[in-house]
Amino acid sequence: MIFTAIMFYLFAAAAIGSGVMVVSARNPVHSVLFLILAFFNGAGLFVLMGAEFLAMILVIVYVGAVAVLFLFVVMMLDIDFAQLRSGAAKYLPVGLLVGIILLAELVFVFAGWAIAPRVAGIAAAPFPSNAAITNTRALGDLLYTRYIFAFQAAGMILLVAMIGAIVLTLRHRVGTRRQVIAEQLARQRAETVAVVKVPLGTGVAD
Amino acid sequence: MDNLWAGAGHVFWAYVWPTHILQVLFVAVPLLVAIAYYTYFERKVLAYSQLRKGPNVVGPLGLLQPFADGLKLLLKETIVPSGANRIVFVAAPMITFSLALVAWAVIPFDVGVVIANINVGILYLFAISSLSVYGIIMAGWASNSRYAFLGALRSAAQMVSYEVSIGFVLVTVLLCVGSLNLTDIVLAQRHVWFVIPLLPMAVVFFVSGLAETNRAPFDLPEGESELVAGFHVEYSAMSFGLFFLGEYGNMILMSAMTSILFLGGWLSPIPLEPFTWIPGPLWLLAKILFVMFCFLWVRATFPRFRYDQLMRLGWKVFLPLSLFWLVLTAGVLTATGWVPAHAG
């Protein structure tokens, strides 16, 4: 138990620390790297809670794919750090407001649990406990059996958004030469090579 | 506070120290030796496929060559370029190398012979292998050099692309197993190794593994002919050495994954008397060695891909193929009622 507690405080402190560094680091690439560290500590907290599937998915999806693209974009863009800094003061009130709203919502939720314990019963996991089945299976039951239509609808929306993004940005440039491998493979010797008898002294007439 | 420290000490002595550290050493030390000798193995295989002799001077048959190379790298000076981002520059090779090692925590060598028999072992492996892109991209960016940065960008795009098809291959295997646990995956192959019913997926996995580890014919991140040495062009001495070791460690890991997912792990090829006398870990070792040899065989045989061809192969060939095979597998399993019962 005490081991778990030590690990919890370690992960939580590191998550908060790296979260602070994300917004305060001078270099945007460092910010993204700290964001990755924050994701990692989040995954560690998930493991401590016994949600190992979520932890792994967090690492695979967010760290392994999304953050790579983040890093890509931040490295490629030539960002003026000073300009970025100067804007921070302007957005500070809005940011604070969002933070306060989130905090208030959390307070309401926990206060609600404290005032009306029955509410907490609703919030409890609607699937069997960790001891009965693994959380991978519990999540699978929820997503693919009980809420399959909602899940499919979400998937369709994402697919449409993805296709939309491709359609909006795809432009076919005329005049660029593209490799068509099927065409190359379908070429026959007869259509490409001709053996010509060259008469002496006159050369080939075209 | 005293309680806490006493508790921590108790935890350390009772749970961490005696068995876990020994277990980790039992895996990590042979692994490091294997990585060192994989470089020797590679040079020998390449040499014999090109009708040369390979390293044969240091020690009998050149067997001490890896140690000579390692010693040379250790004794050289580590140079940090003046424009480099120092911390990230130093951290990148460490990340690459440690990621190549930590993945071994979940590799089972026999029933119960595994450091951490976790429920989501295969996802853990996938997560770790998808992280190895960070070592490369951080190295390329921190070097503050055009060649290194181009290599890093190529590598990031390449690894993200091939991870997609690796993911689908893993899902196909999981459908046939019904568990994410690596031991369960091996035990599900008692009757038939997955390489037989899922042969196209095994091929996709192996080729994607080549791309994921940045090996020939997909070694564009370090393509000598156009990028000098790609992402590690600015690295010297042991910081380069860690990249090198990490790459070979990843290759051995990929071979182990291929063996476990498709070649039946520690199971003997025929479950009959003379074959079952050989202990399981030896079978696994033999399979890993075979796949490792295939990595080198491919390098000795094929020329390097062009970058657009590499992307085309990943997105336009492997992705549709693996997606199709995934749906096909699911359909066949459902139609025949072979969907595995929940193992976990």
(message) Please classify the contact between B/L123 and chain A as side chain, backbone, both or neither, with a heavy-atom cut-off of under 4.5 Å.
(response)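 Both backbone and side chain.
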
(request) Heavy-atom distances under 4.5 Å only: say whether B/L131 touches chain A with side chain, backbone, both or neither. (result)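 Side chain of B/L131 only, per the 4.5 Å heavy-atom cut-off to chain A.
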
(request) For the residue pair B/N119 and A/F53, establish whether any side-chain heavy-atom pair is separated by less than 4.5 Å. (result)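 They are not in contact (no side-chain heavy atoms under 4.5 Å apart), so the answer is no.
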
(request) Would you indicate whether the side-chain heavy atoms of B/I87 and A/H30 approach each other to under 4.5 Å? (result)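 No - every pair of side-chain heavy atoms lies 4.5 Å or more apart.
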
(request) Identify which of B/I137, B/V133, B/V164, B/V160 forms the greatest number of heavy-atom pairs closer than 4.5 Å to chain A. (result)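 Of B/I137, B/V133, B/V164, B/V160, B/I137 has the most heavy-atom pairs under 4.5 Å with chain A.
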
(request) For chain A, find which of B/I118, B/V120, B/V88 contributes the most heavy-atom pairs closer than 4.5 angstrom. (result)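 Option with the top pair count is B/V120.
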
(message) Checking an interface table here. Which of residues 59-66 of chain A come within a heavy-atom distance under 4.5 Å of chain B?
(response)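 If one takes a 4.5 Å heavy-atom cut-off, the residues of residues 59-66 of chain A near chain B are A/V59, A/I60, A/V63, A/G64.
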
(request) Identify the residues of residues 160-176 of chain A whose heavy atoms come closer than 4.5 Å to a heavy atom of chain B, ordered by number, or report 'none'. (result)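 Residues qualifying by a heavy atom under 4.5 Å from chain B are absent, so none.
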
Please classify the contact between [X] and chain B as side chain, backbone, both or neither, with a heavy-atom cut-off of under 4.5 Å.
X: A/I36; result: side chain
X: A/L33; result: side chain
X: A/A67; result: both

(request) Could you tell me whether A/E183 atom CD has more than 12 heavy atoms of other residues or ligands within 6.0 Å of it? (result)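 Open.
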
(message) Looking only at heavy atoms and a cut-off of under 4.5 Å, which of A/L71, A/I57, A/L69, A/I181 has the most pairs with chain B?
(response)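 Ranked by heavy-atom pairs under 4.5 Å with chain B, first place is A/I181.
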
(message) Please output the residues of residues 141-149 of chain B in contact with chain A, using a heavy-atom cutoff of under 4.5 Å, in numerical order.
(response)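 Those residues of residues 141-149 of chain B which have a heavy atom under 4.5 Å from chain A are B/W141, B/F149.
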
(request) Identify the residues of residues 309-323 of chain B whose heavy atoms come closer than 4.5 Å to a heavy atom of chain A, ordered by number, or report 'none'. (result)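 Against chain A, the residues of residues 309-323 of chain B that fall inside the cut-off (heavy atoms, under 4.5 Å) are B/Q309, B/R312.
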
(request) Please name the pair of heavy atoms, one in A/F72 and one in B/A156, separated by the smallest distance, quoted to 0.1 Å. (result)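 Closest pair (atom of A/F72, atom of B/A156, distance): CE1-CB, 3.2 Å.
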
